[in-house]
There are 2 protein chains.
Amino acid sequence: MIPEELLESHNALQKKYAKGDTIFHEGDLPVNYFQIISGDVKMSNFNDDGKEFIQGIFHPKQSFGEPPLFLNRVYPANAIAVSDCELFVLPKSSFLNLVKENASVSLSIIENLAQRLHYKSVMAAEISSQEPEHRLLKLFDYSITFFKIEKEADGYRIDLTRQQMADLTGLRVETVIRTIKGLEKKNEIKIINRKVYR
Amino acid sequence: MIPEELLESHNALQKKYAKGDTIFHEGDLPVNYFQIISGDVKMSNFNDDGKEFIQGIFHPKQSFGEPPLFLNRVYPANAIAVSDCELFVLPKSSFLNLVKENASVSLSIIENLAQRLHYKSVMAAEISSQEPEHRLLKLFDYSITFFKIEKEADGYRIDLTRQQMADLTGLRVETVIRTIKGLEKKNEIKIINRKVYR
DNA sequence: TACATTTCATGATTTAAATCATGTTGTCAA
DNA sequence: TTGACAACATGATTTAAATCATGAAATGTA
């Protein structure tokens, strides 16, 4: 998102996290800007009975958790390393300066936020009311365009576990499993070696 | 959002819409920036069987429908006048120039997008999994802080119809009615003259 | 290799919200 | 003031997803 050179010239640190590490907690006040160098990060909530809802999964070159930085609010969700990963970490004040001084950075922040808002709008409409089949297909299609997933011989491989699909759509694993089998029968997707192709 | 003077000096028009008018349709390519002078506007989707999902309701001084302007994408939802209203209408190119040239405008756009992303995150987590009671309470509480609703003697008056509450949370009217009665019994809210107070 | 853990899978049962039906109350305009 | 329409209300019934239970397959690791 923000070019490496700029980050480095503004005192950004590089920090490593192990799979499963929490980068920040829901309810924390933000003190840093984060941008992924390698690995994947998810932002998610846990409700009262422990069920997880994944707000989004982020990949190298993407940033996450900026909105509260601009609003002086606490984080609405946890950030957790999905795999071992390395991040740029830039203190809040340096980040805000960087944004103010640099028109191209603030434009790219706008585009990034607009993109994520778009994703949320699309998914919100699906999740709120639609049947499991709709939710999952929308998730697959959106993941494909959003994350630029590679096309293979059998279609785009969706690199999500059944549990992640459930947590991204608000369904239960069993429902996901049954639904994607139904989708396979309708030829909407292929399942090869337990992986979903669209 | 954007100061009146700036809008006027950039060729913004003022346009009137009657209650129920569609300002733009889902699937349209955006050609204008919109900012409300008076009245309320909702953005919403209709699913296959006609059920509406309200993405958000917007009030005077707020803008809506910007994300696709920055992304060169089509609108993900319809914009409909909830009441008679008057809007500033600024052509896309003038708007993008205004944002590029004016650091304070682009900052306020960022804050606005961050704010809405925050709302979507909070609601997504609720809607995805939680019971009707949670969904509605979150909606009420968020509406109160987000829309700066006036506090009256009996609490904050939630100015939404049962149907709107349903369409904002993805529930059915009947479920909303039954749930808010339950919430009243638990003293979470008051219902006076059919209006909900929190 | 063996063992533990995660992921996937499937059947039986429960349950809460959707749906259907119908009626009441409130509001606005002719 | 009446009549039409929107909003609110409530009971009965259906239904689809959650839940519970249990096991197999795959994956990682000591």
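Each chain gets a letter, A, B and so on, in the order its sequence line appears, and its residues count up from 1.
- A distance-only check finds a donor-acceptor pair linking the side chain of S83(A) to the backbone of D40(A) [under 3.5 Å].
- Rounded to whole Å, atom C1' of dC28(C) lies 14 Å from atom CG of D84(B).
- Among the nucleotides dT10(D), dA17(C), dA17(D), the one closest to the side chain of P132(A) is dA17(D).
- In this entry the distance linking CG of L171(A) with P of dA17(C) reads 16 Å, nearest Å.
- Classification of the Y142(A)-H118(A) ring pair by plane angle, with boundaries at 30° and 60°, yields tilted.
- Between R194(A) and dT7(C) there is no side-chain N or O to OP1 or OP2 distance below 4.0 Å.
- Rounding to whole angstrom units, CD of residue Q163(B) and P of dC5(D) are separated by 18 Å.
- Taking all atoms of both residues into account, the shortest heavy-atom contact from S94(B) to N11(B) is OG-ND2, 4.5 Å.
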* Audit row: K15(A), N32(A), side chain to side chain donor-acceptor pair (under 3.5 Å) steps and yes/no -> CA-CA 12 Å; K15(A) 218 171 156 186; N32(A) 291 305; over 6 Å; no

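- Here the side chain of T175(B) is nearest to one of dA7(D), dA17(D), dA17(C), namely dA17(C).
- As a whole-Å value, the separation of I180(A) CD1 from dT7(C) P is 14 Å.
- In this structure, CD1 of I191(B) is placed 11 Å from C1' of dC8(D), rounded to the nearest angstrom.
- Rounding to whole angstrom units, CZ of residue R162(A) and C1' of dT6(C) are separated by 13 Å.
- Using cut-offs of 30° and 60° for the angle between ring planes, the F34(A) and F24(A) rings count as tilted.
- Picking from dA9(D), dA9(C), dA18(D) the nucleotide with the shortest atom distance to the side chain of K181(B) gives dA9(D).
- Rounded to whole Å, the distance from NE2 on H134(B) to C1' on dA17(C) is 17 Å.
- Each of dC8(D), dT7(C), dA9(C) was ranked by its minimum atom distance to the side chain of I177(A); first place goes to dA9(C).
- E133(B) has its CD atom 12 Å from the P atom of dA16(C), to the nearest Å.
- Nearer the 5' end of DNA chain C, as judged by each residue's closest nucleotide, is the contact made by E174(A), out of E174(B) and E174(A).
- When each of L160(B) and R178(B) is assigned the nucleotide of DNA chain D with its nearest heavy atom, L160(B) is the one assigned upstream, toward the 5' end.
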